[in-house]
Protein chains: 4
Amino acid sequence: MALDTRERVRRAAVKLFAAKGFHGTGIRDLAQESNLSTASLYHYMGSKEELLADIMRGCLRTLLDSATAQTTDVEDPAIRLSRLVKLHVRTHARLPRETRIVDHEIHVLAPATRRSVVALRDSYESLWADAVADGVASGVFTTAHPGVTRLALLEMCNGVARWYSPRGSMSLDDLASHYADVALRAVGACPQRSPEGQSKGE
Amino acid sequence: MALDTRERVRRAAVKLFAAKGFHGTGIRDLAQESNLSTASLYHYMGSKEELLADIMRGCLRTLLDSATAQTTDVEDPAIRLSRLVKLHVRTHARLPRETRIVDHEIHVLAPATRRSVVALRDSYESLWADAVADGVASGVFTTAHPGVTRLALLEMCNGVARWYSPRGSMSLDDLASHYADVALRAVGACPQRSPEGQSKGE
Amino acid sequence: MALDTRERVRRAAVKLFAAKGFHGTGIRDLAQESNLSTASLYHYMGSKEELLADIMRGCLRTLLDSATAQTTDVEDPAIRLSRLVKLHVRTHARLPRETRIVDHEIHVLAPATRRSVVALRDSYESLWADAVADGVASGVFTTAHPGVTRLALLEMCNGVARWYSPRGSMSLDDLASHYADVALRAVGACPQRSPEGQSKGE
Amino acid sequence: MALDTRERVRRAAVKLFAAKGFHGTGIRDLAQESNLSTASLYHYMGSKEELLADIMRGCLRTLLDSATAQTTDVEDPAIRLSRLVKLHVRTHARLPRETRIVDHEIHVLAPATRRSVVALRDSYESLWADAVADGVASGVFTTAHPGVTRLALLEMCNGVARWYSPRGSMSLDDLASHYADVALRAVGACPQRSPEGQSKGE
DNA sequence: GATGAATGAGCTTTCATTCAT
DNA sequence: TATGAATGAAAGCTCATTCAT
């Protein structure tokens with residue numbers, strides 16, 4: 001099954017933006033990597049910046065949708081946080097380039113576009129904030145600085161995208177579970193009675 | 001006390017590289033921020049890339065020297081790791097822009113320069129690796145994947161540079177201690193009997 | 001017949017490089033003379049230096065090919081030398097700008113490019129050297145310093161590019177014949193019995 | 001005896017202008033070659049262009065003065081031409097860099113300066129023109145195109161600066177005599193009865 | 001006499017993008 | 001759909017020169 005041209009361009013952009021940065025990647029680099037002329041490129045994207053924004057929004061939307069699906073109607077804040085962490089870690093391990101782009105290149109976007117991306121990110125992070133806040137409210141979590149804790153946990157998990165290798169010694173499931181444990185400990189929950197079994201889902 | 005021009009240029013670069021990225025920062029931006037003409041800029045730097053490399057090396061050397069000073073002749077691996085984490089967190093909280101530049105812009109450097117910077121970073125990280133390895137060897141730490149643990153901890157601490165604000169609710173000392181606790185837990189040490197009192201030093 | 005753009009650029013470069021020198025000619029001068037923007041210029045050339053090298057190689061290749069065609073299978077060294085001189089003079093009179101560029105700007109080229117151009121020039125000059133050497137070997141020529149003689153003759157003929165004007169009082173044929181006579185005298189041959197009739201060809 | 005600084009600058013300029021061309025030589029190159037700072041350079045020269053003009057004028061004035069001294073009050077046009085050629089050849093062999101600068105870089109000069117240099121050159125060349133004209137008028141020379149002949153002879157001799165090496169197989173005296181012979185033959189004089197003995201003088 | 005500091009103007013080249021075909 | 005041609009703007013950097021010290 002031949003790869004859709006638009007998708008080829010997207011992948012080229014993901015590869016190059018992650019490796020050399022948005023400003024370090026020229027339109028000619030994208031064209032070459034996509035096996036297209038620079039002019040043809042513009043049949044498949046609006047502008048370089050829109051291409052970047054599309055990648056970011058796609059990544060964040062997937063994350064947000066998955067996270068929403070996995071936490072909706074889940075009462076226990078510990079289970080919610082655990083699932084969020086596992087999903088986040090898995091996503092950053094599997095799509096390190098997309099997630100690094102989201103993490104590193106937001107400053108590039110023009111204000112209007114940036115707002116739309118940041119809004120998505122905020123929606124996603126509010127799932128984390130809610131889980132933490134609910135845990136604190138119900139007495140399951142104890143943390144003096146919920147906001148700080150949320151950010152610290154998020155950044156810790158983001159880091160996975162910068163070092164995880166599927167060829168390494170650790171399985172993705174173990175990794176995700178390990179990070180979930182660390183997170184629950186960080187909010188003062190008792191992860192030794194694991195809130196739920198190994199979740200494979202994403 | 002008037003600020004040395006060379007230092008003014010360095011600060012301008014730190015500010016702009018951190019905010020807009022190396023490739024997103026033009027030589028004219030640097031000149032304006034330094035209150036210099038673009039031509040004058042070149043009295044105080046070799047090239048834009050050398051300026052970047054100098055900033056990176058300066059940051060890493062300071063970190064390496066401080067870390068070495070604080071861990072040399074310290075037997076206990078838990079104390080060493082604790083001090084490394086605290087220093088790292090403090091440095092990333094106090095110099096978030098320098099450290100983010102080190103973390104984000106290494107790919108920009110030409111191979112030869114990159115090697116020199118990476119060598120410094122490796123020297124620094126080997127202090128972490130040694131502490132973890134010694135702890136494991138002496139049975140104080142238990143971690144199945146020392147390499148992964150080191151990277152995960154480093155990235156967790158790096159994250160501080162991306163969110164910490166001195167105007168926030170958490171003091172730098174509390175933050176550093178907190179991260180040290182998390183780190184010791186992550187390697188299976190027992191931080192409840194804190195390996196040493198609150199160290200204020202850097 | 002409209003002039004190919006690439007050729008327009010080449011002619012502009014020939015005109016300007018000859019008049020103001022390579023380093024004295026800016027990319028903006030070339031663009032203006034070619035009726036192109038500076039950016040468009042780069043559709044038709046690799047770089048300013050490659051444009052120069054192309055001009056040089058084109059000129060030398062034409063000269064080499066013509067010279068080879070006119071001297072191959074010619075036994076008599078006097079006839080060969082005579083033809084080489086006439087061709088050289090004619091070429092320098094007709095294409096004074098190209099030939100002056102070849103003569104004046106070789107030092108500009110980067111080492112690798114320079115080697116390729118010098119190799120062409122050496123191939124061409126070896127035709128002269130062979131003619132002289134064969135003439136000496138067969139006793140037709142007498143010159144104590146064949147290498148010096150070759151260089152002196154070449155430089156004498158190169159000079160034509162610096163002063164000949166088609167509006168002057170001397171026809172190109174007369175000029176070429178005259179130089180051939182001088183050359184044969186210089187190697188001690190007897191040109192009064194002209195080695196061949198007036199050759200109009202090139 | 002230490003070398004006067006002004007003279008050191010002049011020699012540096014001669015070396016570099018000859019090797020890389022006027023426009024190919026930067027003020028920094030000159031400073032480095034002179035062991036001076038760029039600012040100090042301006043104590044010893046007016047501007048880069050004036051330095052060039054000074055070199056040219058110096059070279060031409062020396063040539064003109066020597067030529068005048070050697071031909072004044074000499075009746076025989078053959079002797080005059082012979083001496084002019086010998087002097088010219090010797091000068092171009094001994095000072096190939098200065099003479100090449102005169103030959104190659106006149107187009108660089110601003111109109112006013114150029115006029116002053118060209119005036120000197122014209123004065124010098126008029127000695128040649130006079131010798132040829134007198135020879136033709138008195139019937140000693142026969143050449144249908146005196147102007148062309150003068151230019152061709154001059155260029156032939158100029159060529160010496162581009163190839164002569166003092167380490168070569170030919171002495172300077174032989175070379176100069178040889179060129180004088182060629183020149184006299186070219187104007188139809190009979191050099192076999194050499195117009196005068198070997199002149200060593202310059 | 002010597003020079004670090006400074007600069008406006010300029011350099012060659014590349015940028016992202018458009019458009020006619 | 002695809003692309004050669006085209007470009008205004010900007011990139012990083014160097015130019016020759018001046019001047020206060």
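Letters A, B, ... are given to chains in the order of the sequence lines, protein chains preceding strands, and every chain is numbered from 1. In this text the structure is predicted, and so the values were computed from the model without any measurement. Heavy atoms only: backbone and side chains are in, while hydrogens, waters and symmetry mates are out.
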Quick test of your reading of the model: are [X] and [Y] salt-bridged, counting only N-O distances below 4.0 Å?
X: B:D54; Y: B:R57; answer: yes
X: A:R10; Y: A:E98; answer: yes
X: B:R61; Y: B:D65; answer: yes

| query | Do A:M56 and A:E105 pass the side-chain contact (heavy atoms from CB on, under 4.5 Å) test, and can you show the C-alpha distance, the side-chain angles, and the key distance before you say yes or no? | reply | CA-CA 9 Å; A:M56 288 179 160; A:E105 305 286 355; 3.6 Å; yes
Could you give the [atom1]-to-[atom2] distance, from [X] to [N], as a whole number of Å?
X: C:D4; N: F:dG4; atom1: CG; atom2: P; result: 15 Å
X: D:L30; N: F:dT14; atom1: CG; atom2: P; result: 17 Å
X: A:N35; N: F:dT1; atom1: CG; atom2: P; result: 17 Å
X: C:L41; N: E:dT13; atom1: CG; atom2: P; result: 10 Å
X: B:D29; N: F:dA11; atom1: CG; atom2: P; result: 7 Å
X: B:Y44; N: E:dG4; atom1: OH; atom2: P; result: 11 Å

| task | Show your reasoning for whether side-chain contact (heavy atoms from CB on, under 4.5 Å) applies to B:L109 and B:V118. | result | CA-CA 10 Å; B:L109 300 173; B:V118 168; over 6 Å; no
| message | Walk me through whether D:C59 and D:I101 qualify under side-chain contact (heavy atoms from CB on, under 4.5 Å). | response | CA-CA 9 Å; D:C59 182; D:I101 291 170; over 6 Å; no
Tabulated below should be each protein N or O lying under 3.5 Å from an N or O of nucleotides 17-21 of chain F; please produce it.
unit_1: F:dT17; atom_1: OP2; unit_2: D:Y42; atom_2: OH; d: 2.8
unit_1: F:dT17; atom_1: OP2; unit_2: D:K48; atom_2: N; d: 3.1
unit_1: F:dT17; atom_1: O5'; unit_2: D:Y42; atom_2: OH; d: 3.3

| With both distances under 3.5 angstrom, what nucleotide forms a Watson-Crick or G-U wobble pair with F:dA10? | E:dT13
| request: Once you apply the 3.5 Å cut-off to both distances, tell me the Watson-Crick or G-U wobble partner of E:dA20, or none. | output: F:dT3
| request: Using heavy atoms and a sub-4.0 Å distance, could you list which residues of residues 16-24 of chain A are near DNA chain E? By number, please. | output: none
| query | How many angstroms lie between CG in D:L36 and CG in D:L30, if you round to the nearest 0.5 Å? | reply | 10.5 Å
| said: Under a plain distance cut-off of 3.5 Å, with no hydrogens placed, do B:S40 and B:S37 share a side-chain donor-acceptor pair? | reply: yes
Donor-acceptor pairs under 3.5 Å, side chain of residues 12-23 of chain A to any protein atom, not counting sequence neighbours: which ones?
unit_1: A:K15; atom_1: NZ; unit_2: A:E33; atom_2: OE2; d: 2.9
unit_1: A:K20; atom_1: NZ; unit_2: A:D29; atom_2: OD2; d: 3.3

| said: Between B:G26 and C:L36, which residue's closest nucleotide on DNA chain F lies nearer the 5′ terminus? | reply: C:L36
